Amino acid sequence: MVKEMDKEFITRGVRRCSTPRFLLWLAPWVGLLLFGAYSAGLCLVKGLNQTNMDNRYAFGLWIFVDLTIIALGAGAFFTGFLLYILKFKELKAVINSAVVIGVVCYSGAMAALMVDVGQPLRAWFTFWYPNVHSMLTEVTFCISCYLVVLLIEYLPIVLKNRKLREIPAFLVFEFELHKLIYVLAGVGTFLSFFHQGSLGGLYGVLRGRPFAFREGIFVWPSTFFLFILSAAAVGPSFLILTTWLVEKITGKRLAKDRVFQMLARISGILLSVYVLAKTVDTLIWINRTSPSLGFTASQYYDWKPFGTWILFAEIVLCGLVPALILLTPRLRARRAWLIPAAALACCGVALNRYVQTVQTLALPTLSFDKFLSYTPSWQETGTVLGVVAYGVVVYSFSFRYFQIFPEERELKIEVRPQAEEEPALAGRF
Amino acid sequence: MFPWNYGFHFGAASVIFLGAFYTVLVVVATTILNALWRAHRDLSKGKVEDIRWHSDFHDLSAADRTCRHVLTGEIKSRECPHAFDCRECETHAKRIALHPPVRAAEAEAEIFGMSFPLDRMYHRGHTWARPEADGTVTVGLDDLGSRLLGTPDAVELPEPGSRVQVNGTAFRIHKREADVRVLSPVDGEVVETGSVDRGFFLRVKPFADPMDMRHLLRDAEVKPWMMRELERLQLALTMEGASLPSLADGGVPVADIASAYPKTDWDAVCGEMFLEP
Amino acid sequence: MIAESKKTPAARYGMSIDVDRCNGCGSCMVACAVENNIPPATAGATDRTGLTWIRVFRIDNGAEGAERRSAFVPVLCQHCGKDAPCVSVCPQQAVDVDPATGIVGQMPERCLGCRYCMAACPYHARYFNWWDPAWPAGMEKTLNPDVSPRMRGVVEKCNFCHGRWHAAKTKAVANGKTEIDPADYIPACVEACPSGAIHFGNLNDAATETAQGARLPNSFRMLESLGTDPKIYYQSKKNWVREISSAPRPAVGKEKARG
Amino acid sequence: MKNSRRDIFKFAGGAVAGALFTPAPWRLITDAALWSENWPGIPRPARGEIRARFTNCALCPAGCAVRARCVGEQPVSLAGVRGGLCPFGLTAHHLPYHPARLKQGPIEEASAAVAKRAADGIAVLDLNPGRTVSWTYRRAMALLKGRYLAPESQAVAYDLSAAKTVLSIGAPLLDGWGTPANVIAARRNFRLIQAEAVESRTAVLADEWIPLAPGTERAFAQQILGALQGGRPSVLASELAGNGPSLVIGDAPEIPEINRLLGAWGKIVVAPQEAPVPDSWTRSAAAITLLADVPDHSIHVLLIDESAAASYIPWHRIQPKLANENPLVVTFAATRGGYARHAKYALPIAVYPELTDDIAPAVDSIHPTFRISVPLVTPPAGLANPAEFVGALAGATASNALRERADEIHKAGLGTVLTYADAKETPVKELTPDAFWKALTEGGEWTQKGARRILSQAPGKSIDPAVRPETAIDLPLIAIREPGNPALVSPLMTKLYQESNLRLAPNRVALHPDDARAANLTNGARAILQTRAGKCSVEVTVDPAVPPGAVLVGSSPGIQDVCAPGVRAKVVSA
């Protein structure tokens, strides 16, 4: 009975594919994960010379990916905040998915960071001898604390597994922990607020890099607030995107349309606020911050290929446009508009992180510097692919064995009539 | 991190930053320890079954958590806030006081060909409890429950002397892929175990005398409840992919419903019907 | 020790580099490597992955053909006096400024290799150990006993030859003096420069050649507009060389200096 | 009392909680921090008392005075006594450990083979003439009836301090041409005009750089000569004539005549002077033969002394001189990269700072001097001593030659000796022979600042006027040479060659971006350098400072074998 080997672990009443089929789906991802582990292993054993980073391009693909996935993973804190603190009850339908995405994104980012630093075994020095003035200290503290919080939030989801909850201790602990989850949601919100912000601050404080440097409020540069806003804005968009993707892959309906609409509206509102703030910030930067450091802002965009198009793409194409779509009820009601808009919003934030990390380092600061380019080595790319594969594997496991979408059972009946014309990928999980 | 570590300065930034960090640590640790301590307390107080039921009840869909007074049409809509334990419910108490349950005309209700003798009281998890002359209570599956499980593949009964509690596990029945925890309608100590053939599964000596049975359905409540249950069954069957003649067509549930739906996920159907999501 | 350094006025060590006297021989670079136990390059190292605490750049006036003129500019840690961009960013206090000397120090033993400081430094004066340090067999005998070699995966940079400062300080203390003799504390690059283009000294002491060089009218500092108050002063009589102190300009149809 | 598992857990939990209130765990963390701050696997520098020792750098005729910081006997850094050292000299204490160093060779076998065939026609090629060992070779060759060969050289010295204007036609005046301390001291007093195709390190610091078209140095010199001889006037020639005393340096054969016309001959350009040599040596020494003057195919046994070679002679200029049948070539070399590639026997020799040798006078040294490079490091066993090897062939003992020379200088009683340790100058007369020897071997320099001798011999026999440009469409580039390197350089030179590209590595060629693009080459690419003389594998540097149509070539022997300055060349992708 290989086919039904793990039946008793699967939530009652949901349809999951057979074990061999699930293993078949996992196989390429596990392969990719192993390749990623090998790549990362090379970097850890042989050193970072395995990468194409260098003294001038001290940060590369990894930091860009870390910043991006942490922004996309912001759905975890923001949904938790809306559900447990502001009591948006509908979001219960996606909170578990948000938590799993959060765990995946944050643990993946942490893993990539551990490979990225030259002496990972000394990472704990940051806790032991913290420089409280460094944005990176704030990031390290908040991200590691938040990862712990996320894992604790993930625990009830795991313990709620049909088989595991037959063990009384697990059942009882899950029950009691779930009652206190709002405390963790609060702590998570606090931590996320600060680390999303300080990730932005990371570059905003770089006085020596006028392209990234921003003025700010108190100790925080404006990017601190922009990062929080943008992360909160795309978190829900990313949830829409992943839920939609899982729906497409599995051929199931997983959340009610109301939930999609609510996420879209939240994302739209925050995104428009972000676009406004970003525009104001950019204008201040062009007209005041950058010139005061002796750098005319227009010069940054004279280095090809980073022309002004990148600014346009970031603010208008991937900011304003999706914001408007998400804010228009008629448009967002249709998947054909909603999904591209959510994807654009996610691209926008990725582009923003790209500009902050990669473009900042590419631009010369000394007059005899060159404009630099950098292509990641296969070891770097492999590590990133490994992180992606890790995310897919963890999410697949969670989706198969845990109750990620509580509304799935309810929605099962609505999808039934189309059963005959299920997509080819149906029943993948 | 600590004042005695290298490079520590007592500045505003350090105090605020590390203060916030330690606060977070304390809050998270307290939460975890609190949950652990509560779990430990629950375990030692034997509240596992209680919690299991509460947790299950919480996961029931809203429609399944309807108050019994909605079923009878007394109230328009109400979700049960007490996990079907009407003994704690003030609304129920008031209702009972206002409208004492109407005694049914016959001694037995027949609903779509299923028999529901009214000498006993029904639990919403498809068990009944019948007080016996000797002060014990016999517990068995109601007719719908029996038909859902047909001839069980296996029955796991508790040892005599063990305890059962309301909404806790009374016994387990395996049927095809279904593994059903049947909920107990009463609190008490098992004094005898029965079987399918004997018509009951447990004989229980209640802790309290007389036993408080306010949470169980009786008399005129049975029929509307059963109508609702058949609707739910219909829905569950549809959801789980049954394509055979549906009950709504007026079909009478056969003695062994499971065998009529060989392709249906019976575990899911039973889970739905026995209040075990 | 702290009470002592409060008594004597703090020094502000800096350099004054005469670009017009640098012929780009590279003595300063190898002298620095010898002094600070910097390993030779591994096979795959390039000018972007090497370890050169002081690096001489060849710059030109951007013209083509006969009008083209070059100059050599040694660039090392500029020891920013105010808001040093690298100091505040280090998450674990591996970068510090010695208040007694104004030298921006780097503790590789404390560094976890996050490279944030490298991204922060506008002068690209920080270097990462991309490889395990390796010397040809036997060559480790020639290592300077006053400086610990660094391990792979940490950042390092010019510290104005801290080993020499320490030796000078020890000597001063042994002789019962509070201040070190300027003749005892000369960084390796300064000592090595055959054309005497680099002067090192206390900028607070107006009598030193360094302080005088810093006050020359054609003296400039790199990217002074950033407000980091670097302590490396450059001099050149050539206008186009002095322009390297300002922000870069892309080469789109404009005349500019580039390297 | 019965202990349940629970009790054990309780006890353990209590113990952990209690331990947190003791210093132990915190101390442990701090210790772990300290441990991780000192990873194993990184060499620990040897500690010990640091003392200064002095010597003279033997890497080139500049012979800079060197102060070595030593831990015990081991030098850990070198510094100049009078001003800075060049990067090669600064890192010379690494040379004994260079991985490419030649450490073993069949010394006895070579000796026997040479002895057997010495009568056929032996010659010694001394690439660093003017040393005491050069006298040993000459004496040995006289005994063996062989030839003592030196690379062609202008037998002149320059007194830069007397010049007011210096025109350098491609000479690396500020980059290893003379003694750095002398040149830099004199630099303040003369105006420097550098005429050169590429803006070299000298051109950068020159008062004026005249960019020449690649390969036109000779034509440029001819033009000036023409102007001075009353032909077409030139601004530069008038400047040289008007702003004298002026000096012209460079390789072009017209230059001695130009200097004569400018009046520099005898005033600035003087005869080099040698420290006193024992009479017995001069009496029985073979004459100095220039390599070019040797008849072809006349050498059957050739011994080459590469130690501290001031210049490298391309093999294709040596080879025709060798006998057609089975010539025997023995080279004394520090690496396999030089003539060892062509020699039957490559014998390892000591390298500075292991070696004991005196230093030939530099091109800007106008007084007789005598400087000994004394070993700072004990040389390893199994090395050949060229002087003893050649001396033994002739049956002469050569091991004591340096001391004999020093005694001869002492006997003359002229000049002073400067000891570096105390910066004291002492007249030789005040010293005993032993004290004089001690001063020389503990870091010292003997000089005789006397009246300088005017050149008796006027320059310029007949200058071959032909400047025949090589016509070659298939070889589009013209080679320009980067100033030479010592044969063996410290591994740390990667700082300049690889980690910064400040200097062109010996095995590299540099091209203008347009030429690189035309040849489909990128920075760092492997390529083949082709000339009429042959090909050589090189690495490419793309550098906009190289003029279009030119290729700047490194100074590795491999490149020099195929590519002389001014020849036509081509670089193709490997």
Side-chain angles (χ1 to χ4, degrees), chain A residues 4 7-8 10-15 124-133 137-138 141-142 145-146 148-149 152 155-156 160 162 165-184 186-188 190-191 194 219 403 406-407 409-414 416 419, chain B residues 1-2 5-9 11-18 20-21 23-25 27-32 34-43 46-52 54-56 58-59 61-63 177-179 181 235-236 238-241 265 267-272 276-277:
Chain A
E4 303 290 314
K7 176 92 171 81
E8 55 194 29
I10 292 172
T11 311
R12 182 173 253 157
V14 300
R15 201 172 289 269
W124 61 280
F125 281 19
T126 304
F127 293 92
W128 207 236
Y129 312 106
N131 171 13
V132 294
H133 304 285
T137 312
E138 210 168 299
F141 272 71
C142 289
C145 289
Y146 186 50
V148 171
V149 169
I152 298 173
L155 206 57
K160 204 135 191 211
R162 187 173 169 191
R165 73 195 288 273
E166 281 179 16
I167 298 163
F170 286 178
L171 173 84
V172 168
F173 182 60
E174 186 275 325
F175 184 76
E176 295 296 354
L177 191 56
H178 197 85
K179 282 207 266 186
L180 296 172
I181 208 90
Y182 65 94
V183 178
L184 295 174
V187 172
F190 171 81
L191 290 171
F194 276 98
V219 296
Q403 225 177 321
E407 286 179 359
R409 268 189 83 179
E410 264 179 75
L411 290 167
K412 201 157 62 166
I413 193 156
E414 296 174 34
R416 219 39 235 176
Chain B
M1 190 140 151
F2 300 105
N5 280 358
Y6 169 87
F8 186 89
H9 311 281
S14 296
V15 171
I16 294 171
F17 183 90
L18 292 174
F21 171 63
T23 309
V24 165
L25 279 194
V27 169
V28 172
T30 313
T31 310
I32 286 290
N34 192 359
L36 281 171
W37 177 73
R38 286 187 190 194
H40 177 74
R41 190 190 55 186
D42 293 342
L43 280 176
K47 288 171 82 176
V48 177
E49 287 300 321
D50 201 24
I51 285 173
R52 193 190 301 279
H54 271 90
S55 172
D56 282 353
H58 181 260
D59 288 346
S61 66
E177 68 269 25
D179 171 12
R181 233 162 18 86
L235 192 68
T238 323
M239 250 161 64
E240 301 312 332
D265 182 352
D267 189 44
V269 173
C270 289
E272 187 70 28
E276 202 187 324

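Only this structure's heavy atoms are used, side chains among them; waters, hydrogens and symmetry mates stay out. These numbers come from a predicted model, not from an experiment.
Interface remark: A:Phe173 contributes backbone and side-chain atoms alike to the contact with chain B (heavy atom separation under 4.5 Å). Both the backbone and the side chain of B:Asp267 come within contact range of chain A, with heavy atoms under 4.5 Å apart. If you measure heavy-atom distances from B:Asp56 to chain A, the contacts under 4.5 Å come from both the backbone and the side chain. Neither the backbone nor the side chain of A:Phe194 comes within contact range of chain B, judged by heavy atoms closer than 4.5 Å. Proximity to chain B (any heavy atom under 4.5 Å) is shown, for A:Glu407, by neither the backbone nor the side chain. Residue contact with chain A, scored on non-hydrogen atoms closer than 4.5 Å, is absent for B:Glu49. Within the 4.5 angstrom heavy-atom criterion, atoms from both the backbone and the side chain of A:Leu180 approach chain B. Looking at A:Leu191, the atoms closer than 4.5 Å to chain B (heavy atoms on both sides) all sit in the side chain, from C-beta outward. For A:Arg165, the parts lying under 4.5 angstrom from a heavy atom of chain B are both the backbone and the side chain. Both the backbone and the side chain of A:Thr137 come within contact range of chain B, judged by heavy atoms closer than 4.5 Å. The contact between A:Leu177 and chain B is made by backbone and side chain atoms together, counting heavy-atom distances below 4.5 Å.
The aromatic rings of B:Phe21 and A:Phe127 lie tilted to each other, with the angle between the two planes from 30° to 60°.
One finds no salt bridge joining A:Lys7 and B:Asp179 here, because no Lys/Arg side-chain nitrogen approaches an Asp/Glu carboxylate oxygen to under 4.0 Å. Between A:Arg12 and B:Asp59 there is no salt bridge, since no side-chain nitrogen of the basic residue lies less than 4.0 Å from a carboxylate oxygen of the acidic one.
If you tally non-hydrogen atom pairs under 4.5 Å between each of B:Val28, B:Thr30, B:Ile32 and chain A, the highest count goes to B:Ile32.
Checked against A:Val187 for a side chain to side chain contact (heavy atoms under 4.5 Å, CB included), the options B:Val27, B:Thr31, B:Leu25 give a single hit: B:Val27.
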